[in-house]
Amino acid sequence: MIMGITRFLYHTAPGRVLLRPLASRPVSNLLGAFMETRASKPLVPVFKKMNHIDTADCDVSNVRCFNDFFCRPLLPGKRPFCMEKEALAAPCDGLLSVIPLQEDTVFPVKQSTFSLHSLLRDKRLAASYYGGTALVFRLTVSHYHRYSYFDSGRKSADRRIKGVYHTVQPVALEVRPVFTENSRCYTVIDSPSFGRCVQMEVGAMLVGRIKNNVPGKARIQRGEEKGHFLYGGSTIILLLPKDAADIDGEILMSSRAGIEYPVKMGERIGTCRKK
């Protein structure tokens, strides 16, 4: 059903008329405000049933509104984060694609391509990832929507880029440069194991806010919660410089076949490449 609605919005003339207000910031912000009220709580059981959400790993004991449920925290001991220094760990739950960064292309998929420069709005920073790797974690509405720092180190102040809110479903990528149009926020992380990396959050349709806990410069720890998304599907992009890491073979094979690989936050997905 959701896929059919999305295809209608992005592939038909009447759908594209409806798409403009739906993807706008005011509509997203208005819906986000409603999701913070107690009046939104009756939506929770319907949303849970429709999306087959398993809450066994989460604390749902203090749900006062829809966003409390959507941003539900984990129970103690769930999603243990791999703390080995040489391990590359997933910063979130999601469906992972591994993209080699050739020249200025960050995400060649379907009929769309996105440049690093347009993604980051910083030519010098973009150039430092040529020959590197992009790890794209797509979160659906049923995923756990909190995310952590992938490694320890020093972080820059967050950079926010205003935009709209297209869905991040593959059917939208066929016709829109979603990752360079959507509202997004990124942090440059100087990691002793992986070098200077970028961890980016990309908002999506009906996601009013990206909430990061520490927006300024700071020293961070691997596995420390970075922030969370409010309602909607969304994406985390991790940019690694050239020769920084070796991604696990099974994940690479899946990506080369055009299949997203399901991962959990804290799970080992690769290793640091020894210099």
Say you draw a straight line from [atom1] of [X] to [atom2] of [Y]; how long is it, rounded to the nearest 0.5 Å?
X    : Y    : atom1 : atom2 : answer
M253 : R256 : CE    : CZ    : 8.5 Å
T187 : Q199 : OG1   : CD    : 7.0 Å
L238 : C197 : CG    : SG    : 6.0 Å
F47  : M35  : CZ    : CE    : 8.0 Å
L96  : S255 : CG    : OG    : 5.5 Å
L239 : L101 : CG    : CG    : 6.5 Å

What is the minimum heavy-atom distance between [X] and [Y], and which atoms define it?
X    : Y    : answer
L252 : I247 : CD1-O, 3.5 Å
R121 : R159 : O-NH1, 3.0 Å
E36  : N67  : OE2-ND2, 3.2 Å
G270 : D248 : CA-OD1, 3.4 Å
G153 : P192 : CA-CD, 4.3 Å
A87  : C82  : CB-SG, 3.5 Å

Flag, side chain of [X] to backbone of [Y], donor-acceptor distance under 3.5 Å:
X    : Y    : result
D59  : S61  : yes
N212 : V214 : no
S40  : F66  : yes
Y186 : L120 : yes
T37  : F34  : yes
E224 : S152 : no

Practice task
Could you identify which residues cluster with L74, counting Ile, Leu, Val, Met, Phe, Trp and Tyr as linked when any side-chain heavy atoms lie under 4.5 Å apart, either directly or through a chain of such contacts?
Solution key: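 Members besides L74, by chain and number: F81, M83, Y144, M265.
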Practice task
Kindly give the cluster partners of I259, where membership spreads through any ILVMFWY side chain lying under 4.5 Å from a current member.
Solution key: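 ILVMFWY cluster around I259 holds nothing else.
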Side-chain contact test, heavy atoms from C-beta onward, threshold under 4.5 Å: evaluate it for [X] versus [Y] and give yes or no.
X    : Y    : result
T55  : K48  : yes
I220 : I189 : yes
C185 : E201 : yes
L95  : T140 : yes
E260 : S97  : yes
L139 : T235 : no
S128 : P241 : no
V188 : L125 : yes

Exercise for the section: Go through F70 and I53 one step at a time and tell me if the side-chain contact (heavy atoms from CB on, under 4.5 Å) criterion holds. Expected result: CA-CA 10 Å; F70 191 78; I53 296 174; over 6 Å; no
Practice task
Identify, with sequence neighbours excluded, every residue that meets side chain to side chain contact (heavy atoms under 4.5 Å, CB included) alongside K85.
Solution key: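 For K85, the residues satisfying side chain to side chain contact (heavy atoms under 4.5 Å, CB included) (neighbours in sequence not counted) are S193.
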Handout entry: Residue pair L88, L135: steps toward the side-chain contact (heavy atoms from CB on, under 4.5 Å) verdict
Key = CA-CA 11 Å; L88 176 63; L135 303 180; 3.9 Å; yes
Handout entry: Selection residues 146-156 - residue pairs positive for salt bridge (charged side-chain N to carboxylate O under 4.0 Å, His left out), sequence neighbours left out
Key =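 Every pair satisfying salt bridge (charged side-chain N to carboxylate O under 4.0 Å, His left out) with a residue in residues 146-156: R146-E225, D151-R222, K155-D158.
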Exercise for the section: Would you please test K242 and T133 for side-chain hydrogen bond (donor to acceptor under 3.5 Å, both in side chains) and show each step? Expected result: CA-CA 7 Å; K242 185 178 181 180; T133 304; over 6 Å; no
Handout entry: Worked check of side-chain contact (heavy atoms from CB on, under 4.5 Å) between V263 and I269
Key = CA-CA 8 Å; V263 298; I269 57 173; 4.1 Å; yes
Handout entry: Those residues that, when tested against Y147, pass ring-ring contact (aromatic ring centres under 6.0 Å, His included) (two or more places apart)
Key =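 ring-ring contact (aromatic ring centres under 6.0 Å, His included) check on Y147 returns F229.
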Exercise for the section: Kindly determine whether K264 and D93 satisfy salt bridge (Lys or Arg N to Asp or Glu O under 4.0 Å), including the steps that lead there. Expected result: CA-CA 4 Å; K264 294 288 185 69; D93 287 13; 5.3 Å; no
Practice task
Check the pair H145, S234 against side-chain contact (heavy atoms from CB on, under 4.5 Å), reporting the backbone distance first and the verdict last.
Solution key: CA-CA 9 Å; H145 269 72; S234 35; 3.3 Å; yes
Exercise for the section: Could you walk me through whether E267 and R79 pass the salt bridge (Lys or Arg N to Asp or Glu O under 4.0 Å) test, one step at a time? Expected result: CA-CA 8 Å; E267 179 181 333; R79 302 293 196 286; over 6 Å; no
Practice task
Sort and list the pairs that fulfil side-chain hydrogen bond (donor to acceptor under 3.5 Å, both in side chains) and have at least one residue in residues 68-78, not counting sequence neighbours.
Solution key: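 Listed by first then second residue: R64-D68.
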Exercise for the section: Please state whether the rings of F194 and F150 are parallel, tilted or perpendicular, taking 30° and 60° as the class boundaries. Expected result: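 Answer is tilted, since the angle falls between 30° and 60°.
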Handout entry: Flag if over 12 foreign heavy atoms under 6.0 Å of CZ, R196
Key =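 Open.
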